[in-house]
Amino acid sequence: MALVNEHFLKLSNNYLFADIAKKVNAFKVSHPKQRVISLGIGDVTRPLCPAVIEAMHKAVDEMAHKETFRGYGPERGYDFLREAILKNDYLARGIHLDLSEIFVNDGAKSDTGNIQEILRWDNNIGVTDPIYPVYIDSNAMIGRAGVFKDGRWSSVTYFPCTEENHFVPQLPDHRVDMIYLCYPNNPTGTVLPKEELRKWVNFALHNESVIFYDAAYEAYIRDESIPHSIYEIKGARKCAIEFRSFSKTAGFTGVRCGYTVIPKELQAFTLGGEPVELNHLWDRRQSTKFNGTSYISQRAAEAVYTPEGHEQVRQTIDYYMGNAAIMREALAKMQLTVYGGENAPYLWVKTPGGAESWKFFEQLLYGAGVVCTPGVGFGPSGEGFVRLTAFGNREDVEEAMQRMGEWLK
Ligand SMILES: *Cc1c(COP(=O)(O)O)cnc(C)c1O
């Protein structure tokens, strides 16, 4: 008899966005004339930039000829892309990495979810709260998160990010082996100043923990003092893995390409206290379970680093951040309390009158025909907030703000 991995049964059946879609569909059925505007799901809407499209066409043509056809690529990614990453994303910020420390992948979700495999199941984990659900769910699947009860996982340490602490997570009072941080943050849109990130690096060094640093939104940082990479902090190479993605940076959510950095100095230990390089373990894992990202996607990603690509991608990010600025201003005029949206494409909005997230979600949908994401879906500290994204079309954003303004009057 085949037995299932019962840890999977501990996961909630419905994915947050499936619940939202169900409620939105119910609204559409009862209000067929109302046009619904979604500021909910975190997907981009602008097309790929011309430099990327050109590079993809060229790569496709190469695939059409036997002289330039490419089959399996190197598992860690092609050198042309890894060299562009090293030079533009790191060397330009004074961070020296080696090619062997970069693993190109098919997007950050795969690696942020899979990375936990190379550490023992009985390490304990800690996450900022609210949080991107992938970190906890992937750990729950191998039994590291315990059981889900009353909105919390029993074996997870939550680092609350609330109005009271200005969305700056406080260090725990006990050892945590695996620490997940995401900055700029999804869902709150807030960032972590260098001195705060330094506290986490020092905590991890002291406890011999590993930090999983998700920097998927680093391209949205406007404030020059905010770190783009955790390796801007001294000592981070000994304790941190960094995840990046072209998804939000360059609209690659449908193309699929990202990368993970695992410095050679980063070690974890056997039960007997023997140090092991995590770079080596991940390489071993990838060469067994992953056969690389498509050549076409990697050529597309390379084009993001050309002068034209860089400029075109910047314009798209400016467009989204323009939306965020419009939203911030309009929401403030409605007397709503808003966080984020200055160094990230997300706005974290406090529900008026302390309404529960899901209650306000329904009120906003039925009152203004606008879809948001209930904050509590990202963790217990998200209750009383909703997330709005700045990834929409400008006209939709403006209309949504106008509708909300009239509704809240
Ligand atoms: C969108 C997002 C990613 C990127 O996912 P991809 O798999 O690269 O598309 C990673 N982390 C967070 C927090 C995200 O919101």
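Counting starts at 1 for both ligands and their atoms, following the listed order. Each residue takes its place number in the sequence, starting with 1.
- An N or O contact shorter than 3.5 Å is missing between Cys182 and ligand 1 by distance.
- Taking the centre of each ring, Tyr339 and Phe167 come in below the 6.0 Å mark.
- Close N/O approach between Asp106 and ligand 1 is not found [any backbone or side-chain N/O within under 3.5 Å].
- The salt bridge (Lys or Arg N to Asp or Glu O under 4.0 Å) analysis of residues 299-319, with sequence neighbours excluded, yields the pairs Arg222-Asp318, Arg299-Glu302, Glu311-Arg314, Arg314-Asp318.
- Which parts of ligand 1 touch Ser247 is read off a 4.0 Å heavy-atom cut-off, strictly below it: atoms 6 (P), 8 (O), 9 (O).
- With hydrogens left out, the protein atom closest to atom 2 (C) of ligand 1 is Lys248 NZ, 2.5 Å, a heavy atom.
- When each atom of ligand 1 is checked for a heavy atom of Lys109 under 4.0 Å away, the hits are 5 (O), 6 (P), 7 (O).
- Numbered from 1 in the order shown, with element, the atoms of ligand 1 that lie under 4.0 Å from a heavy atom of Ser245 read 4 (C), 6 (P), 8 (O).
- Within a 6.0 Å sphere centred on NE2 of His206, heavy atoms belonging to other residues, nucleotides or ligands number 12 at most.
- Counting only residues at least two apart or in different chains, salt bridge (Lys or Arg N to Asp or Glu O under 4.0 Å) contacts with residues 71-81 comprise Arg76-Asp283, Asp79-Arg82.
- Here the protein heavy atom with the shortest distance to atom 15 (O) of ligand 1 is Tyr217 OH, 2.6 Å.
- In terms of polar-atom proximity, defined here as any N/O pair under 3.5 Å, Tyr346 makes no such contact with ligand 1.
- One option in Val255, Asp214, Ile131 has a heavy atom closer to atom 10 (C) of ligand 1 than any other, and that option is Asp214.
- Between the Asn124 side chain and the Asp177 main chain, a donor and an acceptor come within less than 3.5 Å of each other.
- Judged by the shortest distance from any of its heavy atoms, Gly42 lies outside the 4.0 Å radius around the atoms of ligand 1.
- When only interatomic distances are considered, the shortest N/O to N/O separation between Tyr135 and ligand 1 does not fall below 3.5 Å.
- Near Ala216, meaning under 4.0 Å from any of its heavy atoms, are these atoms of ligand 1: 3 (C), 10 (C), 11 (N).
- Around atom NE2 of His7, more than 12 heavy atoms belonging to other residues, nucleotides or ligands sit under 6.0 Å away.
- Between Tyr183 and Trp200, the distance from one ring center to the other does not fall under 6.0 angstrom.
- The closest donor-acceptor contact from the side chain of Thr128 to the backbone of Leu181 lies at 3.5 Å or more, if one exists at all.
- Taking every heavy atom of Gly107 and a limit of under 4.0 angstrom, the matching atoms of ligand 1 come to 7 (O), 8 (O).
- For Lys333 and Glu329, the salt-bridge test passes: some basic side-chain N is under 4.0 Å from an acidic carboxylate O.
- In this structure, Phe246 does not count as a contact residue of ligand 1, since none of its heavy atoms falls inside 4.0 Å of the ligand.
- Residue Arg256 places at least one N or O, backbone or side chain, under 3.5 Å from an N or O of ligand 1.
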Let's go through Asp111 and Thr260 carefully: what are the C-alpha distance in whole Å and the side-chain angles of both, what is the deciding distance for side chain to side chain donor-acceptor pair (under 3.5 Å) to 0.1 Å, and is it a yes or a no?
CA-CA 7 Å; Asp111 283 14; Thr260 297; 2.7 Å; yes
